[in-house]
2 protein chains.
Amino acid sequence: MPLMNLDGTERLGFLIHDAARMMRKRFEMLGSSYGLSAAQWRLLVRVVKDEGVAQARLAELLEIEPISVSRLLDRMEEGGWVERRQDAADRRVRMIFPTDKSRQAFGAIKSVAGEVFEQALAGLSQEQRQTVLLGLKTIVHNLSDGEASCQHDNEKGAAR
Amino acid sequence: MPLMNLDGTERLGFLIHDAARMMRKRFEMLGSSYGLSAAQWRLLVRVVKDEGVAQARLAELLEIEPISVSRLLDRMEEGGWVERRQDAADRRVRMIFPTDKSRQAFGAIKSVAGEVFEQALAGLSQEQRQTVLLGLKTIVHNLSDGEASCQHDNEKGAAR
DNA sequence: CATATATTATAAGCGTGCTTACTATTCAAG
DNA sequence: CTTGAATAGTAAGCACGCTTATAATATATG
């Protein structure tokens, strides 16, 4: 054990885990009137921005497994948030479209998200916020499978 | 919406979520030889440090619900990681003790954790790391139920 | 054309967390 | 002592992510 991490780094796992959990909780609390979970919100944002996207591509973008997308969509289709349409060219493909309900909720979602983030980061300077964001991006990048691969692909589809 | 968040803050939710998921994944990858999940590791660390702690207190410390502790312990007891003993004074209480196996694994756990954190934070200066940790602590604190309550209670159970 | 390989979506089942509801036990009043 | 409230733990069932396996379709190759 090279570094003793007496600086608090040893808490990193706990901290990230807790922060993520609490943010998700807060999201679901503030957004419960819409009947969407945090995961469904994430998906909805994607679908509104990329209408007609295929499920497989959605899974790529969200960095979750196709089966997770499938089951999320099951519930969201039931709730009238999205539509699945067959692709005429490739009958394996289901294209995902947001409903009007979704498009209308989209603005509200962004607003709620802004509130949550503001609440979460309260007390931190703009500079500190930037560093926190940079740190999180770094963590995601460093742990993105590659492990040994140190490419710099923040823009292309790789990083999302 | 006061701030347009063109600074990337709008990504905070995605970033924290992704970072937490990837760290958990990495933990489970590196630690799979021990047969412990990330959640079980968190619990184990607590139990080794607080031998004989009651389940309810454990839930408080880990900030998860008692039922989650209960089911985690079910599997860990099966795996020979912990023992549940009745408290003679209060027969409702189950005191949790680590087994020898646990105590021996504890060192390895810390080592693996150090590796993961080092990997995750690679490329960030000590100063930046401190800011990231501060930011996460702030987020956790700001979102800890209270919402309006801004006291500094990291120890007591006030927030829950 | 026929066969092999890809890809798209889904099914089944597990781990972790949650909410809600329940039992058992303790403790505080009357 | 008895009633009632609080506490410790668990059960049931859901959401979300995962892995592994399967069906349907597309595409490449013999």
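Within every chain, numbering begins at 1; the chains are lettered A, B, ... in the order of the sequence lines, protein sequences first and strands thereafter. Since the structure is predicted, the reported quantities are computational estimates derived from the model, not experimental observations.
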Revision key, fill the gap. Smallest heavy-atom separation, A:M23 atom then A:A120 atom, equals CE-CB, 3.9 Å
Specify the separation, in whole Å, of atom [atom1] of [X] and atom [atom2] of [N].
X     : N      : atom1 : atom2 : value
A:M95 : D:dT25 : CE    : P     : 16 Å
B:R24 : D:dT19 : CZ    : C1'   : 14 Å
A:R85 : C:dT8  : CZ    : C1'   : 19 Å
A:E77 : C:dA9  : CD    : P     : 13 Å
A:D74 : C:dA12 : CG    : C1'   : 14 Å
B:L73 : C:dG15 : CG    : P     : 15 Å
A:L36 : D:dA15 : CG    : P     : 13 Å
A:L62 : D:dG17 : CG    : P     : 9 Å

Check the phosphate of [N] against [X], side-chain N and O only, distance under 4.0 Å to OP1 or OP2. Yes or no?
X     : N      : result
B:R84 : D:dA8  : no
B:Q55 : D:dT10 : yes
A:S68 : D:dC18 : yes

Review point. Checking side chain to side chain contact (heavy atoms under 4.5 Å, CB included) for the pair B:I16/B:I139: CA distance, chi angles, key distance, verdict?
Key: CA-CA 10 Å; B:I16 284 206; B:I139 291 172; 3.7 Å; yes
Practice item. Assess whether side chain to side chain contact (heavy atoms under 4.5 Å, CB included) is satisfied between B:L72 and B:Q40, documenting all intermediate values. Key: CA-CA 7 Å; B:L72 269 173; B:Q40 291 171 341; 3.7 Å; yes
Point to revise | Which nucleotide in D:dG17, D:dT10, C:dG17 has an atom nearest any side-chain atom of B:R94 | key: D:dT10
Practice item. Among D:dA15, D:dA8, D:dG17, find the nucleotide with the atom closest to the side chain of A:L72. Key: D:dG17
**Study point:** Sugar-phosphate, base or nothing in reach of A:E65, heavy atoms under 4.0 Å
**Key:** base
Exercise for review: Using a 4.0 Å heavy-atom cut-off across all strands, classify A:R71 as base, sugar-phosphate, or nothing.
Suggested key: base
Review point. Pick one for C:dA6: is it syn, with its angle within 90° of 0, or anti?
Key: syn
Review point. Mind checking whether A:D87 and A:R94 have side chains closer than 4.5 Å, heavy atoms only?
Key: no
Review point. Do A:I96 and A:E83 touch side chain to side chain, with heavy atoms closer than 4.5 Å?
Key: no
Study note, to complete from the structure: Across every strand shown, the nucleotide meeting Watson-Crick or G-U wobble geometry with D:dT27 (both distances under 3.5 Å) is C:dA4
Practice item. Take A:E118 and A:R129 through the salt bridge (charged side-chain N to carboxylate O under 4.0 Å, His left out) test and state the conclusion after the steps. Key: CA-CA 10 Å; A:E118 194 48 44; A:R129 294 179 185 202; 3.3 Å; yes
Practice item. Indicate for each nucleotide in nucleotides 20-29 of chain C, in 5' to 3' sequence, whether protein heavy atoms under 4.0 Å reach the base (B), only the sugar-phosphate (S), or nothing (-). Key: ----BBS---
**Study point:** side-chain hydrogen bond (donor to acceptor under 3.5 Å, both in side chains) between B:Q119 and B:R26, intermediate numbers included
**Key:** CA-CA 10 Å; B:Q119 222 171 59; B:R26 187 59 57 102; 2.4 Å; yes
**Study point:** Residue whose closest nucleotide on DNA chain C lies nearer the 5' end, A:A54 versus A:H17
**Key:** A:A54
Point to revise | Residue list, ring pair (Phe, Tyr, Trp, His ring centres under 6.0 Å) with B:W41, at least two apart or on another chain | key: B:F27
